[in-house]
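None of these values were measured; they are calculated from a predicted model. Ligands are counted one by one from 1 in listed order, and the atoms in each one are counted from 1 as well.
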Amino acid sequence: AADWRVRAAWLSAELNRHNHAYYVLDNPSIPDAEYDRLFRELQALEQTHPELNTPDSPTQRVGAAPLPQFDQVRHSIPMLSLGNGFDDSDIVEFDRRVREGLDTHADTEIEYATELKFDGLAINLRYEDGVLVQAATRGDGTTGENVTSNIRTVRAIPLRLHAERPPKVLDVRGEVLMYKADFAKLNERQRDAELKEFANPRNAAAGSLRQLDSRITAQRTLRFFAYGIGALDGAEMPPSHSALLDWFSQLGLPVCKERATVKGAAGLLEFFREIGGKRAQLPYEIDGVVYKVNRLVQQQTLGFVSRAPRFALAHKFPAEEATTQ
Ligand SMILES: Cc1c[n+]2nc(N)[nH]c2nc1OC(C)C
């Protein structure tokens with residue numbers, strides 16, 4: 001192959017690797033100035049040879065021409081919301097209903113996967129043969145907005161999955177969010193430019209994703225945590241939620257490390273209190289934790305009631321007084 005083709009392939013792989021280290025592993029592997037130099041070299045090569053401009057090129061991260069409007073996207077599998085619990089008694093009742101639904105023996109405890117409930121925006125990422133081809137907001141759960149060009153600018157979201165033989169189709173569900181520190185810097189920039197400040201990180205993330213001009217989205221530091229799956233074709237479904245998140249991590253998707261598997265209602269409440277104790281120190285806002293029956297076959301037995309799964313529950317923190325920010 002021509003030298004420039006080899007060089008471009010090396011640059012693309014190298015930049016994606018540094019991107020993953022910085023935004024997914026929180027462990028930068030190259031100084032920013034060096035990253036920018038490699039980035040500009042690839043941009044120049046792509047300008048000279050447009051066929052290099054592939055959907056998984058790191059140069060996609062800077063955004064494209066503005067869209068006239070957002071197209072609607074129908075989700076392959078509906079994106080559900082979660083039932084809520086507030087008091088310990090709600091959690092004990094949730095565990096009791098799960099045990100009843102599974103006809104669990106009195107002295108057997110249910111294994112749950114526990115996670116954080118991020119205060120961001122739920123989205124679906126569709127990967128075909130390992131390449132990100134479409135991203136959509138949750139919308140009403142059945143159809144959402146096509147925000148693919150904006151999502152391509154989110155450095156934490158891989159444009160190509162790390163797998164020799166990726167699944168033919170994989171729908172990844174997760175939350176797009178903004179870290180508290182990035183939110184403070186954004187509002188400082190808004191103030192300096194005499195623009196409206198955002199009320200909270202969730203609004204800032206939503207506003208950044210609803211931009212028709214993805215070059216603006218590219219200037220907002222958005223993050224992503226994967227937490228669920230939609231359609232899957234060409235790979236075996238992992239046997240539990242915790243195994244699903246391990247698989248996502250191997251594929252190069254960001255998975256929040258503040259997660260665990262626990263036993264019974266007591267294990268759920270212990271996780272809730274542990275997270276409550278470190279909530280203020282977390283780099284992002286959360287509005288609770290999420291409990292899911294871990295084993296897939298047990299989730300399938302329990303199924304869904306109306307639009308929320310019987311196998312999962314969000315446990316919310318008491319609403320805070322009006323935040324000071
Ligand atoms: C709506 C939702 C939100 N969250 N947030 C997390 N961490 N997991 C999670 N799961 C959800 O729904 C599951 C049924 C996939």
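By the salt bridge (Lys or Arg N to Asp or Glu O under 4.0 Å) test, K185 is found to be paired with D182, residues two or more places apart in sequence or in another chain being considered. With sequence neighbours left out, E51 forms a side chain to side chain donor-acceptor pair (under 3.5 Å) with no residue at all.
Listed by first then second residue, pairs satisfying salt bridge (Lys or Arg N to Asp or Glu O under 4.0 Å) with a partner in residues 70-91 read D88-R273, not counting sequence neighbours.
Aromatic ring centroids of F304 and F311 lie under 6.0 Å apart.
The pair E100-R97 fails the salt-bridge criterion, with no side-chain N (NZ, NE, NH1 or NH2) lying under 4.0 Å from an Asp/Glu carboxylate O.
Inspection of the R220 and S208 side chains reveals an N or O donor paired with an N or O acceptor under 3.5 Å.
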Pairwise, report which nitrogen or oxygen atoms of ligand 1 are under 3.5 angstrom from protein nitrogen or oxygen atoms, and how far apart they are.
unit_1   : atom_1 : unit_2 : atom_2 : d
ligand 1 : 7 (N)  : E115   : OE1    : 3.0
ligand 1 : 7 (N)  : L116   : O      : 2.7
ligand 1 : 8 (N)  : K292   : NZ     : 3.0
ligand 1 : 10 (N) : K292   : NZ     : 3.1

